[in-house]
Number of protein chains: 2
Amino acid sequence: MLIRTATTTRTPGRLFPGASTDSLSAAMELMGACISYVRNFEIYGEGEPTEYLYKVVSGTVRSCKLLDDGRRQVTAFHMPGEIFGLEVGDTHSFSAEAIADSTIIVVKRSAILGLAARDVEIAHQLWTLTARELQRVQDHMLILGCMGAKEKVAAFLLQFSKRCSDSNEIKLPMSRQDIADYLGLTMETVSRTMNQLEHDATITLPTSRRIVLRNRAALKRLNA
Amino acid sequence: MLIRTATTTRTPGRLFPGASTDSLSAAMELMGACISYVRNFEIYGEGEPTEYLYKVVSGTVRSCKLLDDGRRQVTAFHMPGEIFGLEVGDTHSFSAEAIADSTIIVVKRSAILGLAARDVEIAHQLWTLTARELQRVQDHMLILGCMGAKEKVAAFLLQFSKRCSDSNEIKLPMSRQDIADYLGLTMETVSRTMNQLEHDATITLPTSRRIVLRNRAALKRLNA
DNA sequence: CGATCGCTTGATTCCGATCAACAGGAGTGG
DNA sequence: CCACTCCTGTTGATCGGAATCAAGCGATCG
């Protein structure tokens, strides 16, 4: 088990990067505390009570499910501005861990639900959030169930580049192992596939965590 | 494209099997029309407007996503009593087809959303429904990403037996191909794996569509 | 009866997993 | 500064499981 090295501070207004203008997000920034998590710290675990709602300020978080023999499925990466930890049941059905040192706004779930009971707009946003996540996860299922290694990696790269920057240069916050567990592959296969893509002049790898997309069309073609 | 051979009739009260007591379900039965779909009929397609909400009365429905080269991921099977077709966006992100001849209650989405705007209880149920689906899909991701063929088939059998009957005898409404596309395998592998399970005395296959679970413990062990 | 469809079974291939060694950086401490 | 370890990522060799290709089988139906 990891040690909680959380630095709690009151949130200073709405000065956060990635802050969206919608009212739920705004409410979270007003009501929440800002906490720092060190790399690899477990934010919550599978089966723990769903006490809080979270919004990434900086850093990156992974959600995952574990099989008791250690096999792992990463279900999502959460980037700055995104909300996670929202579930209807009273216990989390998966765990969340900081991939890099991260700062995260944390709000009592009961406070948000209280808001939603009075404010239809907030309630609707909670639903929308869940529904968007559902759609994202269903796209992920298509990757896991239908695609080969090359297609999976290509899909991941396109998806990721769309999410954080629109530039062709990607800075990956997660390890090869995280990517592998996200795609249902092994670390070795992810590594090999990326180097192969570099050899095909589809991407460039200045360092292992930085990727330049040189040929988006080729990547999309792999996706079909 | 398939031919719509729908027999529309007004719904006679709340006499349907699988009718749940919750108010959303009840409202759908009151407001909806009951339509018959023949086997393999497409109820709606990917990209079509989300005009309706559906509730299975009898038969079974599959939801799936297609890759343009024909590869298919079945994302869910919908059994009697279950609601499907609920999405936030204005177009469907996947298609739905009747696996067997089915009768389905169909309700204008706008009517339900209208209800939800006035009735907080209904709104909450819409959210709950989406969240439950999200949880189900995340469990499905674990199957697709982490498991081998044997484990996948075992997981499917246990999951299915829990859903429809608690008896050990299962009557499958779907083909081997449907199961394969649900599990991210080929038809041949599903067939082989099932026969292997029969050889191990874990299950019995009186016919290809009827399965008797003789050793649930062994199936659960495969799941880990 | 032939025909089609869903399923099974066999032979072979191939992709990705596995096992293993190694390389490169970052951080630490002498 | 170097020597050291730890960690992540790369690369190679081999193996195995599931896909693929192909044939056969048994229902159901016109």
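Chain identifiers are assigned alphabetically (A, B, ...) following the order of the sequence lines, protein sequences preceding nucleic acid strands; residue numbering begins at 1 within each chain.
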Can you tell me how far [atom2] of [N] sits from [atom1] of [X], to the nearest Å?
| X | N | atom1 | atom2 | result |
| --- | --- | --- | --- | --- |
| B/Q196 | C/dT9 | CD | P | 12 Å |
| B/E198 | C/dC7 | CD | C1' | 13 Å |
| A/N195 | D/dT11 | CG | C1' | 9 Å |
| B/L205 | D/dG26 | CG | P | 16 Å |

Self-check item: Evaluation steps, side chain to side chain contact (heavy atoms under 4.5 Å, CB included), between B/E48 and B/E42
Solution: CA-CA 12 Å; B/E48 287 182 13; B/E42 178 177 285; 3.7 Å; yes
Quiz prompt | Strand contacts (DNA chain C) in residues 174-182 of chain B, 4.0 angstrom heavy-atom criterion | solution =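 When residues 174-182 of chain B is checked for heavy atoms under 4.0 Å from DNA chain C, the hits, listed by number, are B/S175, B/R176.
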Quiz item: Can you say whether the rings of A/Y44 and A/F94 are parallel (under 30°), tilted (30 to 60°) or perpendicular (over 60°)?
Solution: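 Tilted: the ring planes of A/Y44 and A/F94 meet at 30° to 60°.
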Practice problem: List the protein contact pattern of nucleotides 15-20 of chain D with one symbol per nucleotide (5' to 3'): B for base contact, S for sugar-phosphate-only contact, - for none; contact means a heavy-atom distance under 4.0 Å. | Solution: ---SSB
Practice problem: Only pairs at least two apart or in different chains count here, so list each ring pair (Phe, Tyr, Trp, His ring centres under 6.0 Å) that has a residue in residues 185-207 of chain A. | Solution: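 Those involving residues 185-207 of chain A do not exist here.
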Restricting to nitrogen or oxygen on both sides, can you table the protein-nucleotides 27-30 of chain D pairs closer than 3.5 Å?
none

Practice problem: Compare side-chain N and O positions of B/R39 against OP1 and OP2 of C/dC5 and report whether any pair is under 4.0 Å apart. | Solution: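 Checking B/R39 against C/dC5: no side-chain N or O falls below 4.0 Å of OP1 or OP2.
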Quiz item: Counting just side-chain N and O atoms, does A/R210 come under 4.0 Å of either OP1 or OP2 of D/dG9?
Solution: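 It does not, given that no N or O in the side chain of A/R210 lies less than 4.0 Å from OP1 or OP2 of D/dG9.
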What nitrogen or oxygen pairs link the protein and nucleotides 21-27 of chain C at under 3.5 Å?
none

Quiz item: Side chains of B/E87 and B/S93: is there a donor and an acceptor less than 3.5 Å apart?
Solution: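 Their side chains do contain a donor-acceptor pair, which is all the 3.5 Å distance test asks for.
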Exercise. Would you give the length of the straight line joining atom CE of B/M194 to atom OG1 of B/T189, rounded to the nearest 0.5 angstrom?
Key: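 Nearest 0.5 Å value for the CE-OG1 distance: 12.0 Å.
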Quiz item: Using the C1' atoms of the five pairs at each end, what is the angle between the end axes of the helix from C/dC1-D/dG30 to C/dA26-D/dT5, to 10°?
Solution: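 The helix from C/dC1-D/dG30 to C/dA26-D/dT5 shows an end-to-end axis angle of 30°.
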